[in-house]
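Note that the structure is a prediction, hence the values are computed from the model and not measured.
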Amino acid sequence: MRLAASLLTLALSASPALARDQNPSPPSDASVSMVTSCLSAAAAAHRLPPGVLVVLLNVEGGRLGRVSQNTNDTVDIGPMQINQIWIPAVARHWRASQAATRDALLNNFCANVEAGAWILRTAIDEAHGDFWEGVGLYHSHSTQHKTTYLRLVLRQALRLQGAAARSTAPRQFIAEGG
């Protein structure tokens, strides 16, 4: 759990996921607490490790209020970059209108993360429990795109893990009397 908390802190300070502008200030304790709560709730609700949501947030690189155009004439929305094709299904999942769903995906961090976690759980279930196949399916059903995405996920996970290890090393050294 300590590693997940370290990853979250590093991810928030290094990621624009909560920011609306290009020069976000360091996250406040309240922001970190809110993000931690949202990630924990979404992960628990959909039986996922919270760390994978942190990694996907960093890979996706989205922001509140951000809509990113794709080459296939669709858009990705918000921090988890939820593709617009998911709006009808997420609206049914939430029992909400498509307009309200789109607005929540765009402007509500917790809603966006919950939708991303639900989509990831749907993909893992589609992959008959194969976690990594599900992570790939979160992005695409194309073998080429899945492979590319999984490489990005692995790189980001290793980067965050290394950064977390570096950030905790001095404290462990001091605690051990070094």
Please name all residues satisfying side chain to side chain contact (heavy atoms under 4.5 Å, CB included) with Ala96, sequence neighbours left out, ordered by chain then number. Trp94, Thr101
Disulfide (SG to SG under 2.5 Å) pairs, two or more places apart, involving residues 84-150: Cys38-Cys110
Could you list all the salt bridge (charged side-chain N to carboxylate O under 4.0 Å, His left out) pairs where at least one residue sits in residues 139-151, not counting sequence neighbours? Glu133-Lys146
In Å, rounded to the nearest 0.5 Å, how long is the span from OH of Tyr149 to OG of Ser142? 14.0 Å
Not counting sequence neighbours, which residues clear side-chain hydrogen bond (donor to acceptor under 3.5 Å, both in side chains) with His139? List them please. none
Look up atom CD1 in Ile124 and atom OH in Tyr138, then write down how far apart they are to the nearest 0.5 Å. 11.0 Å
Restricting to non-hydrogen atoms, name the atom on Leu120 and the atom on Leu56 that form the minimum distance, rounded to 0.1 Å. CD2-CD1, 3.9 Å
Once you round to the nearest 0.5 Å, how far does CG of Leu39 lie from CG of Leu57? 6.0 Å
Could you check if a side-chain atom of Asn108 sits within less than 4.5 angstrom of a side-chain atom of Glu114, using non-hydrogen atoms only? no
Within the distance-only criterion (no hydrogens, no angle test), does the side chain of Asn83 pair as donor or acceptor with the backbone N or O of Ile85 below 3.5 angstrom? yes
Distance-minimising heavy-atom pair for Ile119 and Val90: CD1-CG2, 4.3 Å
Of all heavy-atom pairs linking Ala127 and Leu137, the shortest is CB-CD1, 4.0 Å
For Ala42, give me all partners under side chain to side chain contact (heavy atoms under 4.5 Å, CB included), at least two apart in sequence or on another chain. Leu53, Val113, Ala117
Using a 4.5 Å side-chain heavy-atom cut-off and chaining through intermediate ILVMFWY residues, the residues clustered with Leu158 come out as Leu154
List the residues meeting side-chain hydrogen bond (donor to acceptor under 3.5 Å, both in side chains) with Glu126, not counting sequence neighbours, and say none if there are none. His141
Rounded to the nearest 0.5 Å, what's the gap from CG on Leu160 to CG on Asn58? Could you check? 5.0 Å
Heavy-atom pair of closest approach, residues Gln156 and Val59: CB-CG2, 3.6 Å
Are the side chain of Arg121 and the backbone N or O of Leu48 linked by a donor-acceptor pair below 3.5 Å? no
Heavy-atom nearest pair, Pro79 first then Glu60, reads O-CB, 3.8 Å
According to disulfide (SG to SG under 2.5 Å), does anything in residues 125-154 pair up with another residue at least two apart or in another chain? List the pairs. none
Minimal heavy-atom distance between Pro49 and Ala43, with the atoms involved, is C-CB, 4.3 Å
Show your working on side chain to side chain contact (heavy atoms under 4.5 Å, CB included) between Asp125 and Arg47 and close with a plain yes or no. CA-CA 11 Å; Asp125 291 348; Arg47 302 176 327 276; 4.1 Å; yes
4.5 Å side-chain heavy-atom contact, Trp86 and Leu105: no
Could you list all the disulfide (SG to SG under 2.5 Å) pairs where at least one residue sits in residues 41-91, not counting sequence neighbours? none
Taking C-beta and beyond as the side chain, do Pro88 and Gln98 meet within less than 4.5 Å on heavy atoms? yes
Quick one: side-chain hydrogen bond (donor to acceptor under 3.5 Å, both in side chains) partners of Trp132, sequence neighbours excluded? none
d(Arg66 CZ, Asn112 CG) to nearest 0.5 Å is 12.0 Å
Contacts of type side-chain hydrogen bond (donor to acceptor under 3.5 Å, both in side chains), residue Asp73, not counting sequence neighbours: none
State the CD1-CG distance between Ile77 and Leu64, to the nearest 0.5 angstrom. 12.5 Å
Under 3.5 Å: donor-acceptor pair, side chain of Gln84, backbone of Thr74: no
Does anything in residues 88-111 form a salt bridge (charged side-chain N to carboxylate O under 4.0 Å, His left out)? List the pairs, not counting sequence neighbours. none
